[in-house]
Amino acid sequence: MIALSFRFDILRITVGGLGMSAGSGLFVFDPGLRIASAAIFGLGLLLAVTGLVDLSPGRAIVHVEWSQKRLLQAMSSAAEAATLEILQTWIPEEDFIDRLRHFYINGNKRFHMKVLLMNPAEGGPNDVLAARVKLRGIERSKAAHDIAHTRDSLLRLKRDVDKKLAELARAGQGRAETMDIEIRLYDFMPFGPIYKIGDQVMFIGLFLNDTSSIFGPMIEVRRSRSPELWRDLERSLSNGWDASPTYVPPADDKELTRG
């Protein structure tokens with residue numbers, strides 16, 4: 001995909017203008033040199049145009065609004081065992097985990113899930129949760145509850161998927177396996193949510209200070225189109241994962257185990 005953008009490269013424009021003038025002047029001086037003058041004029045025109053317009057492989061795509069539909073379509077198109085990495089405060093879309101359940105049970109997906117949620121604990125050195133909701137009209141306790149709800153919903157999802165996969169295996173309709181998911185809790189300051197789907201696409205949002213990221217833009221980054229940007233975002237996500245502790249359920253709630 002080719003993207004068109006505008007720029008102002010004074011050197012290219014100046015040299016191009018000189019070439020166009022030289023080509024025109026040469027033709028006026030000697031019409032017999034029309035081929036040479038046309039070539040010089042054409043090169044000058046090309047330089048001038050490329051000084052104003054850039055045609056290059058498409059970069060990141062900015063969508064005006066966050067689109068869960070676009071996200072789910074990418075997940076549906078992903079490889080069966082793709083790694084799905086999510087960084088969020090909590091997952092705001094109420095039906096997202098239900099859609100995940102559908103992917104596993106009806107869509108034969110076996111994602112390797114790595115989920116980073118904001119640490120809801122108080123008293124830490126970095127209370128990023130309080131900062132995140134300060135201008136949103138949300139009590140910190142409510143935000144902490146929403147994080148716990150997302151976390152526990154993911155644990156219940158694993159329990160339900162493991163149970164269903166075991167039933168299918170016993171009925172000879174699949175192999176014995178469990179849902180591979182790990183949840184970690186972060187206390188660094190991210191710039192926005194990230195959903196990385198396999199090694200081909202990631203969707204990035206912005207943490208607007210007065211509302212949820214789902215009311216902001218969605219940035220679509222394709223590895224094939226933006227390799228340098230992909231590398232930087234992938235490194236940032238990986239560093240955040242490595243710096244965050246794994247959530248371990250209480251002793252009486254072992255729904256979350258590595259698959």
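In this text, all values refer to a predicted model and were calculated from it rather than measured experimentally. In this chain, residues are counted from 1 in sequence order.
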Would you check if [X] and [Y] make a side-chain contact, meaning some heavy-atom pair closer than 4.5 Å?
| X | Y | answer |
| --- | --- | --- |
| Gln68 | Asp95 | yes |
| Thr89 | Asp146 | no |
| Met113 | Leu100 | yes |
| Pro120 | His145 | no |
| Met75 | Phe111 | yes |

**Request:** Please lay out, stage by stage, how Val115 and Tyr247 fare under the test side-chain contact (heavy atoms from CB on, under 4.5 Å).
**Result:** CA-CA 10 Å; Val115 182; Tyr247 172 72; over 6 Å; no
**Item:** Euclidean distance, Leu185 CG relative to Ile147 CD1, rounded to 0.5 Å
**Value:**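 Ile147 atom CD1 to Leu185 atom CG measures 8.0 Å (nearest 0.5 Å).
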**Asked** When rounded to the nearest 0.5 angstrom, what distance separates CG in Leu233 from CZ in Arg223?
**Response**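 Going from the CG atom of Leu233 to the CZ atom of Arg223 covers 12.5 Å.
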**Prompt:** So which pairs with a foot in residues 99-109 pass salt bridge (charged side-chain N to carboxylate O under 4.0 Å, His left out), sequence neighbours left out?
**Reply:** Asp98-Arg101, Arg101-Asp160
Of all the heavy-atom pairs spanning [X] and [Y], show the shortest one and how long it is.
| X | Y | value |
| --- | --- | --- |
| Lys158 | Met179 | NZ-O, 2.7 Å |
| Trp230 | Val221 | CZ3-O, 3.6 Å |
| Ala143 | Ile138 | N-CG2, 4.0 Å |

**Message:** Donor-acceptor pair, distance only, cut-off 3.5 Å: does the side chain of Ser21 make one with the backbone of Gly17?
**Reply:** yes
**Request:** Please check if the side chain of Ser213 supplies one atom and the backbone of Gly192 the other of a donor-acceptor pair under 3.5 Å.
**Result:**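 No: the side chain of Ser213 does not pair with the backbone of Gly192.
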With sequence neighbours excluded, what pairs up with [X] under the side-chain contact (heavy atoms from CB on, under 4.5 Å) test?
| X | answer |
| --- | --- |
| Ala130 | Asp127, Arg140 |
| Leu208 | Leu206, Asp210, Thr211 |
| Glu80 | Arg110, Arg175 |

**Item:** Sequence neighbours excluded, every pair satisfying ring pair (Phe, Tyr, Trp, His ring centres under 6.0 Å) that has a member inside residues 182-222
**Value:** Trp66-Tyr195, Phe96-Tyr195, Tyr186-Phe188
**Asked** Remaining members of Leu43's ILVMFWY cluster at a side-chain heavy-atom cut-off under 4.5 Å?
**Response** none
**Prompt:** With a 3.5 Å cut-off and no angle check, do the side chains of Arg235 and Ser238 form a donor-acceptor pair?
**Reply:**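 The criterion, which ignores hydrogens and geometry beyond distance, is not satisfied for Ser238 and Arg235.
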